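In what follows, a structure is listed as structure tokens, so that the remarks can point back to it.
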Amino acid sequence: MKRALFALALAASWLLLLAWAAGVDWHSPLTPATQRMLAGSQFTSVFGQGSMRDGRLHVESTAEDFSSLQSVGLPNLDAREFAILRYRFADFPRTLELSLVFRTAEAPEDVQTISLPWPGTGESSFDLSRVDKWRGTIVEIGFAQFATGQVVPPELGFRPFDLVGAQLWSPSWRGDIGALMTDWLGAWPWSQRSVHALGREGDTPRAQSAVLVAALAAGLAIAWAALLLGLRGQRLLAATVVCVALAWVALDVRWQAGLVQRLLATRTLYAGLDWPQRSRIVGDSDILQAADEVRQILQDEPANSRILVDAGSGYEWLRLAWHLLPLNVAGYPLARVFGASLPENCLLVFYDNDTWRTDPDIRKLLANSQRVTSAASIHTSGFEGGRVVVFRFHHAH
Amino acid sequence: MRTEYLLAWLVPIVVGGGFCWLAGARQRRGGEVASAIGMGWIGGVFIAAFALHRFARADTVHALANAWPWLAALGALGWGAGIASGLRARSPGADRAMPERGAWARLLWWVLLALILTRLLLLADEASLRPLFPWDAWSAWAVKSKTWMLLGHAEPYVSISRWLANPVAPTRSMATWNYPELLPWLQVWFASGAGGWNEPLVNLAWCGALAAFALAAYGYWRNFGLRPSLAIALVYLLVSLPLIDAHVALAGYADLWVAVALGLATLAWTRWMLHRERGQWLLAVAFALCLPAIKHEGAIWLLAFSVVVALDLLPSHWRRIVAAAIVLLIIVGLLLGGFVLPMLGLGWVHVAWGSVSIPTIGRFDLAWHPVGGAMLASLFTLPNWHLLWYLLPLLVALRWRALVRDHVARMLCLFLLLQLAFLFVLFFFTDAAAWANDFTSANRLILQIVPCVFVFAAVLLREGGAARAFRSRASGISRGLLRPISPA
């Protein structure tokens with residue numbers, strides 16, 4: 001009798017815990033009262049090219065910037081009424097990141113984007129009620145894809161896939177718990193934040209913490225064991241150890257599954273290649289190409305020439321400096337405080353950055369400097385052309 | 001695979017393992033081979049990196065080929081001395097490690113070993129495939145090593161002003177030019193073995209660091225008196241921590257190396273406190289001294305370590321007096337406008353009411369920053385640590401009596417409290433609060449002390465017999481350094 005009561009209390013409390021974690025509205029039905037079904041064939045390719053196949057949208061290629069977008073117009077859909085998004089893809093490559101995009105009637109120019117986990121092969125769910133901007137009347141939704149940021153070179157990310165379809169559900173227990181499962185078990189790619197704090201890789205609103213829920217689930221089991229089974233002393237300690245161990249293993253299985261998914265994505269890019277080939281496959285392949293261009297331009301310079309690089313962002317100039325090694329390179333932002341006290345003949349490299357012609361201080365600094373071009377080229381592609389611009393610094397005489 | 005790359009992995013075991021074997025030669029209790037190989041590998045890698053820093057600046061490409069015979073000879077001396085010393089001191093049957101009981105425990109041991117190996121293989125696979133990925137790895141830690149390997153020799157890194165002032169000098173510069181150089185030289189060691197700059201093969205060293213620490217920890221915990229299944233369970237818990245795994249898979253940051261060096265220093269120091277083996281005390285000090293050579297905050301951990309080690313050496317009745325005197329001196333120093341503190345790797349640190357000035361880093365203004373929510377989220381809700389921070393207070397509550405009575409547990413607790421106090425001041429009173437709020441460096445600094453947390457947990461989990469055996473000989477601690485207490 002005690003054991004049956006324990007099992008009942010444990011099951012009930014865990015169910016309530018799960019419902020709390022999923023953000024279930026207690027008044028909502030078990031299954032959605034209203035659904036909007038959107039077959040893949042209803043979507044149209046906005047960026048990239050696609051074709052209809054068996055009710056699906058077969059996405060064949062990307063736009064010029066290697067992104068793709070499929071969308072569908074919705075006739076005045078009330079956001080509050082449809083808070084659960086369900087979506088399904090087939091053959092979705094591991095090298096692409098998936099985002100949901102939508103627009104509202106209230107702000108039709110304002111396109112909202114939400115990162116979603118890799119969709120895999122099954123059906124995935126997302127709870128849109130966690131998204132602040134999912135309010136008012138939705139007039140269009142779509143799915144965007146692009147190579148995983150900072151991980152996959154944009155030109156290598158895409159492979160053809162099918163958009164099978166999407167659904168919008170009214171709130172229900174099934175929908176909320178499905179969204180929770182996708183959040184907890186979905187595959188997220190590595191990001192620069194992964195070495196700082198896992199679970200905070202993107203700005204996507206996330207569900208309740210699985211770690212907290214696992215701890216509470218273990219705590220509930222221990223509490224019921226003490227209250228209903230009357231465990232004390234060594235027996236309660238043993239029960240505690242078992243509960244905590246199971247909770248830990250559950251969390252670890254989830255983490256290890258995520259590691260495997262990430263490894264499979266990494267293998268897609270790098271398996272079977274030797275190091276020289278792999279070293280060319282980087283998320284910032286455009287900066288790597290710029291570094292090649294700079295090397296070409298500076299190939300006749302003395303090996304120890306001081307080179308200062310600048311770019312549109314800290315990430316870009318740091319990456320450019322990294323790719324240029326072992327050239328004697330440092331960041332111009334570090335040297336800027338020294339004004340014109342730069343060494344004669346030092347080289348200034350501007351990547352994807354027009355401050356050399358728009359920033360008055362830098363224009364003044366470069367007033368007596370000389371533009372350097374590749375020995376292989378007769379002319380630069382116009383004074384303002386090219387993503388890489390190099391100057392040899394000269395002081396005023 | 002190149003023979004040299006294999007040597008890059010094996011020579012550290014020979015070099016460091018010899019000294020670790022020597023340090024434990026007097027009293028063998030079990031887990032000795034595991035701890036000598038695990039700790040030896042990390043120690044050997046550090047020795048190799050120091051040796052390269054001193055002797056390989058002119059030829060980095062052949063650094064390993066030139067250095068390994070000398071290092072291997074040094075290691076052979078260590079092993080020889082260890083074996084000879086062990087033969088002289090051997091007392092068969094004395095203080096053997098706690099054996100395993102029951103078939104279920106043995107089965108559990110094998111299951112956990114399989115889980116640990118699976119995890120390490122998974123991480124090694126990831127690390128061996130991708131180019132260097134995390135931000136600080138390519139913007140700071142690997143810049144020097146990549147440059148030196150591609151150049152074929154090492155050029156010094158200087159401040160940007162010096163670099164610009166003398167444009168013909170063979171110098172280099174970057175924002176983090178003054179970061180410690182043990183890690184870059186460690187990378188040169190593996191790159192030299194690989195035959196050139198090969199990021200995945202260099203990055204595999206991070207997996208080696210975790211595996212070696214796991215092996216060392218297992219050996220030490222067996223030595224402390226833990227049963228094999230409990231020792232390997234703790235190893236599994238450590239290896240399964242997601243943020244540690246992320247630092248291995250996305251290798252390149254220095255935090256894991258700080259964590260293992262600090263963890264090894266704590267393991268050896270704990271063994272010294274338990275068994276009074278001078279060799280272990282020296283190992284602990286050696287690993288602690290490596291900390292500032294890895295990363296700036298290593299100097300803080302070294303300071304905290306020095307305080308607890310010094311307190312441990314004092315006679316028990318002096319400890320409270322000295323601790324109170326230190327606190328009093330700090331208060332008086334602050335009231336008088338501040339005081340300076342010499343810190344290895346950081347220089348003369350000026351501590352005043354409202355600010356701390358560190359020559360190599362800068363000035364930190366002290367003011368309250370409410371980052372409790374972000375810190376709690378980092379520890380208790382984000383998937384960085386599984387249930388570690390829930391379990392630690394639970395374990396302390398359950399083993400409270402052991403903590404109160406056991407000198408070793410108390411000293412480790414004090415060490416942890418000092419570390420946590422530093423992190424508390426750093427995140428709640430300085431601008432580093434931003435690192436907590438944006439979930440960046442806060443967890444990485446916590447990662448550095450996690451191995452110490454596990455050593456503390458292992459000591460709390462020692463069975464009563466082992467704890468009682470020690471308590472009976474725990475008074476008058478300082479005499480141990482001069483007169484080791486023999487077993488039995």
Side-chain angles (χ1 to χ4, degrees), chain A residues 150-151 190 192-200 208-212 214-215 218 237 240 244-245 247-248 251-252 254-256 258-260 262-263 266-267 269-271 275 278-279 281-283 304-306 315 318-319 321-322 325-326 328-331 334-335 338 341-346, chain B residues 115 118-119 122-123 125-126 129-131 133-136 138-139 143 146-148 150-151 160-161 163-165 167-168 170 172-175 198-201 237 240 242-243 245-247 249-250 252-253 255 377-378 380-387 390-391 394 398 439-444:
Chain A
Q150 298 183 348
V151 174
W190 290 119
Q192 289 294 343
R193 296 183 71 89
S194 299
V195 287
H196 300 295
L198 294 154
R200 290 278 173 163
Q208 199 57 258
S209 155
V211 175
L212 177 64
L237 184 63
T240 303
V244 169
W248 189 294
L251 288 171
D252 198 41
R254 167 179 171 261
W255 164 241
Q256 180 142 322
L259 275 180
V260 169
R262 288 172 166 112
L263 176 61
T266 306
R267 286 189 150 274
L269 274 181
Y270 296 110
W275 166 239
R278 276 184 281 155
S279 67
I281 300 175
V282 287
N304 199 32
S305 295
R306 300 294 199 249
Y315 174 80
L318 282 165
R319 284 299 285 177
W322 169 254
L325 293 177
N328 201 345
V329 60
L334 304 174
F338 300 103
S341 307
L342 302 180
E344 183 73 8
N345 284 324
C346 78
Chain B
L115 288 174
T118 306
R119 178 64 50 89
L122 203 62
L123 297 173
D125 199 359
E126 176 83 39
L129 284 170
R130 64 168 57 257
F133 177 70
W135 187 296
D136 280 10
W138 48 259
S139 70
V143 172
K146 182 181 178 183
T147 306
W148 295 339
L150 294 178
L151 278 180
I160 192 85
S161 56
W163 185 71
L164 291 171
V168 292
R172 306 261 160 174
S173 190
M174 62 172 170
N198 185 323
E199 288 159 26
L201 292 184
L237 296 184
S240 71
L243 198 67
D245 291 350
H247 273 250
L250 304 178
Y253 272 51
D255 305 281
S378 288
F380 294 101
T381 64
L382 293 182
N384 298 313
W385 307 110
H386 286 342
L387 298 174
Y390 292 93
L391 283 185
L394 180 67
L398 289 172
F439 298 99
T440 51
S441 300
N443 274 300
R444 290 196 286 115

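Being a predicted model, the structure only gives us computed values, none of them experimental.
With a 4.5 Å cut-off on non-hydrogen atoms, A/Ile281 touches chain B through its backbone but not through its side chain. Only the backbone of B/Phe380 comes within contact range of chain A, with heavy atoms under 4.5 Å apart. Heavy atoms of A/Val282 lying under 4.5 Å from chain B belong exclusively to its side chain. Residue contact with chain B, scored on non-hydrogen atoms closer than 4.5 Å, is absent for A/Ser305. In this structure, the portions of A/Trp248 lying under 4.5 Å from any heavy atom of chain B include both its backbone and its side chain. Looking at B/Leu237, both its backbone and its side chain come within 4.5 Å of chain A, counting heavy atoms on both sides. Proximity to chain A (any heavy atom under 4.5 Å) is restricted, for B/Trp385, to the backbone atoms N, CA, C and O. Both the backbone and the side chain of A/Val151 come within contact range of chain B, each with at least one heavy atom under 4.5 Å from a heavy atom of that chain. Contacts between A/Arg319 and chain B at a heavy-atom distance below 4.5 Å involve backbone atoms as well as side-chain atoms. Proximity to chain A is limited to the side chain of B/Ala249, based on heavy atoms less than 4.5 angstrom apart.
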Please report the C-alpha distance between B/Thr381 and A/Val211 in whole Å, then the side-chain angles of each, then the deciding distance to 0.1 Å, and finally whether the side-chain contact (heavy atoms from CB on, under 4.5 Å) criterion is met.
-> CA-CA 5 Å; B/Thr381 64; A/Val211 175; 5.8 Å; no
Between B/Trp135 and A/His196, does a side-chain contact (heavy atoms from CB on, under 4.5 Å) hold up when you go through it step by step?
-> CA-CA 11 Å; B/Trp135 187 296; A/His196 300 295; 5.8 Å; no
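With hydrogens and angles ignored, the 3.5 Å screen pairs a side-chain donor or acceptor of B/His247 with a backbone N or O of A/Val195. A side-chain donor-acceptor contact under 3.5 Å links A/Arg278 to the backbone of B/Leu129.
Residues B/Thr118 and A/Gln256 approach most closely at CG2-NE2, 3.6 Å, considering heavy atoms.
With ring centers used as reference points, B/Trp138 lies under 6.0 Å from A/Tyr315.
In terms of non-hydrogen atom pairs under 4.5 Å with chain A, the most contact-rich of B/Leu164, B/Thr147, B/Asn443 is B/Leu164.
With values rounded to the nearest 0.5 angstrom, A/Asn304 atom CG is found 6.5 Å from B/Arg172 atom CZ.
Under the 3.5 Å distance criterion, with hydrogens and angles disregarded, no donor-acceptor pair is assigned to the side chains of B/Glu199 and A/Trp275.
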